[in-house]
Amino acid sequence: MIEKLNLKDKDRIVRKIYKNYKKAQLDMIYMSQHYNYYPQIDLFKVRETSYGSADQKMLNQLEKKERLEDYVRIVNQIHSQLSNETFTFIENEYLNFYDINWYIPLYSKATYYRMKHKALNELLEVVLIFWDEEELMQL
């Protein structure tokens with residue numbers, strides 16, 4: 001699959017992976033600050049009709065939290081499988097995206113694109129260990 005994709009398609013897939021990764025991290029922070037996962041009863045708000053919906057809402061939030069934690073855990077495992085050079089490139093290009101021209105003081109444009117090809121190929125090979133092609137295309 002990786003051989004069929006051009007650089008633009010690979011870049012689009014990796015950007016989507018890291019967009020979801022950052023969103024998952026922010027959602028986990030938000031959920032940890034705004035939701036209490038311990039059972040509690042507010043005697044002034046308990047009603048027969050709304051009690052069941054509160055249980056379902058809590059279950060949905062727990063499931064969502066588990067999905068987010070799994071996604072973040074998988075991406076962190078992917079990072080641990082990458083070489084240092086590839087991770088540094090991925091970190092500068094996708095994770096800490098502050099400056100479009102971060103590579104100019106370090107590399108020439110040809111070296112940058114050579115490294116980008118290498119880094120994206122390595123990253124997608126490791127990603128295919130954790131997700132299959134259909135899941136990757138659905139991102």
Side-chain angles (χ1 to χ4, degrees):
M1 177 199 124
I2 296 172
E3 296 80 24
K4 295 184 242 176
L5 298 174
N6 59 18
L7 183 65
K8 193 174 189 177
D9 293 335
K10 292 175 188 176
D11 185 59
R12 182 183 49 78
I13 291 170
V14 172
R15 285 199 189 281
K16 188 69 173 173
I17 289 171
Y18 283 108
K19 180 181 175 184
N20 291 341
Y21 176 69
K22 290 177 184 178
K23 185 178 183 315
Q25 287 179 325
L26 289 174
D27 287 347
M28 284 173 40
I29 291 170
Y30 177 81
M31 290 175 82
S32 68
Q33 292 175 351
H34 290 79
Y35 292 103
N36 186 2
Y37 292 104
Y38 298 105
Q40 58 185 354
I41 297 176
D42 186 1
L43 296 176
F44 298 108
K45 293 183 179 180
V46 173
R47 296 184 191 126
E48 282 297 319
T49 58
S50 66
Y51 191 70
S53 64
D55 287 343
Q56 187 60 37
K57 183 179 177 183
M58 185 172 161
L59 286 174
N60 290 341
Q61 291 298 328
L62 284 172
E63 290 172 359
K64 182 178 179 181
K65 183 180 178 189
E66 287 178 13
R67 283 193 311 270
L68 294 173
E69 288 173 347
D70 288 342
Y71 190 84
V72 169
R73 191 177 308 115
I74 287 172
V75 174
N76 288 335
Q77 287 178 350
I78 290 170
H79 290 161
S80 68
Q81 301 296 321
L82 298 175
S83 66
N84 288 336
E85 182 179 289
T86 300
F87 181 70
T88 303
F89 183 87
I90 294 296
E91 186 176 34
N92 287 325
E93 185 72 14
Y94 300 103
L95 287 174
N96 301 329
F97 190 69
Y98 302 120
D99 184 20
I100 296 173
N101 301 319
W102 64 269
Y103 64 91
I104 290 177
L106 303 172
Y107 311 113
S108 67
K109 201 166 202 168
T111 305
Y112 166 76
Y113 280 108
R114 195 174 320 123
M115 287 181 64
K116 187 169 187 172
H117 275 283
K118 181 182 173 246
L120 292 181
N121 286 337
E122 184 180 342
L123 179 71
L124 289 176
E125 286 176 8
V126 175
V127 164
L128 287 174
I129 294 171
F130 294 96
W131 293 308
D132 60 354
E133 294 178 16
E134 294 173 6
E135 290 175 334
L136 198 57
M137 291 301 174
Q138 288 177 356
L139 293 176

**Student:** Please round to the nearest 0.5 Å and tell me the distance separating atom CD of E122 and atom CD1 of I78.
**Tutor:**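 Rounded to the nearest 0.5 Å, the CD-CD1 separation comes out at 11.5 Å.
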**Student:** If I compare all heavy atoms of L68 with all of M31, which pair ends up nearest, and what's the gap?
**Tutor:**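 So the two residues come closest at CD1-SD, 3.7 Å.
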**Student:** State yes or no: do L26 and Y94 share one hydrophobic cluster built from I, L, V, M, F, W and Y residues joined by side-chain heavy-atom distances below 4.5 Å, directly or via other members?
**Tutor:**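 Hydrophobic grouping puts L26 apart from Y94.
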**Student:** Is R67 close to Y71 at the side-chain level, that is, under 4.5 Å between some pair of heavy atoms?
**Tutor:**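 Of all side-chain heavy-atom pairs linking R67 with Y71, none is under 4.5 Å.
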**Student:** Side chains of F89 and L82: closer than 4.5 Å at any heavy-atom pair?
**Tutor:**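 Not in contact.
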**Student:** State which residues pass ring-ring contact (aromatic ring centres under 6.0 Å, His included) with H79; sequence neighbours excluded, sorted by chain then number.
**Tutor:**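 H79: ring-ring contact (aromatic ring centres under 6.0 Å, His included) contacts with Y18, Y21, F87.
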**Student:** To the nearest 0.5 Å, what is the distance between CZ (R15) and CZ (R12)?
**Tutor:**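 The distance works out to 12.0 Å.
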**Student:** If you measure from the Lys or Arg side-chain nitrogens to the Asp or Glu carboxylate oxygens, is any gap between K116 and D11 under 4.0 Å?
**Tutor:**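 Yes.
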**Student:** Does a sphere of radius 6.0 Å around CG in N84 hold more than 12 heavy atoms from other residues, nucleotides or ligands, not counting ones at 6.0 Å or beyond?
**Tutor:**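 For N84, atom CG is not crowded (no more than 12 foreign heavy atoms under 6.0 Å).
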**Student:** Report yes if the side chains of I13 and V127 come closer than 4.5 Å at any heavy-atom pair, otherwise no.
**Tutor:**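 Result no, sub-4.5 Å side-chain heavy-atom pair not found.
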**Student:** I'd like to know if the side chain of K65 reaches the main chain of M28, judged simply by a donor and an acceptor atom lying under 3.5 Å from each other, with no hydrogens or angles considered.
**Tutor:**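 Looks like no, no N/O pair under 3.5 Å.
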**Student:** I need the I74 CD1 to I129 CD1 distance, nearest 0.5 Å.
**Tutor:**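 Interatomic distance, I74 CD1 to I129 CD1, rounded to 0.5 Å: 12.0 Å.
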**Student:** Atom CG of L120 and atom CG of L7: how far apart are they, to the nearest 0.5 Å?
**Tutor:**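 L120 atom CG to L7 atom CG measures 6.0 Å (nearest 0.5 Å).
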**Student:** Working to the nearest 0.5 Å, report the span between CE of M115 and CD1 of I90.
**Tutor:**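 The distance works out to 10.0 Å.
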**Student:** To the nearest 0.5 Å, what is the distance between CG (L5) and CG (N121)?
**Tutor:**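 Rounded to the nearest 0.5 Å, the CG-CG separation comes to 9.5 Å.
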**Student:** Can you confirm whether K118 sits close enough to R114 that some side-chain heavy atom of one is under 4.5 Å from a side-chain heavy atom of the other?
**Tutor:**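 No - every pair of side-chain heavy atoms lies 4.5 Å or more apart.
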**Student:** Which pair of non-hydrogen atoms, one from V126 and one from Q81, has the smallest distance, and what is that distance?
**Tutor:**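 So the two residues come closest at CG1-CB, 3.7 Å.
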**Student:** Which pairs would a plain distance check flag for residues 96-106, meaning a side-chain donor or acceptor within less than 3.5 Å of a matching protein atom at least two apart in sequence or in another chain?
**Tutor:**
{"from": "D99", "atom 1": "OD1", "to": "N101", "atom 2": "N", "distance (Å)": "3.4"}
{"from": "W102", "atom 1": "NE1", "to": "E93", "atom 2": "OE1", "distance (Å)": "2.7"}

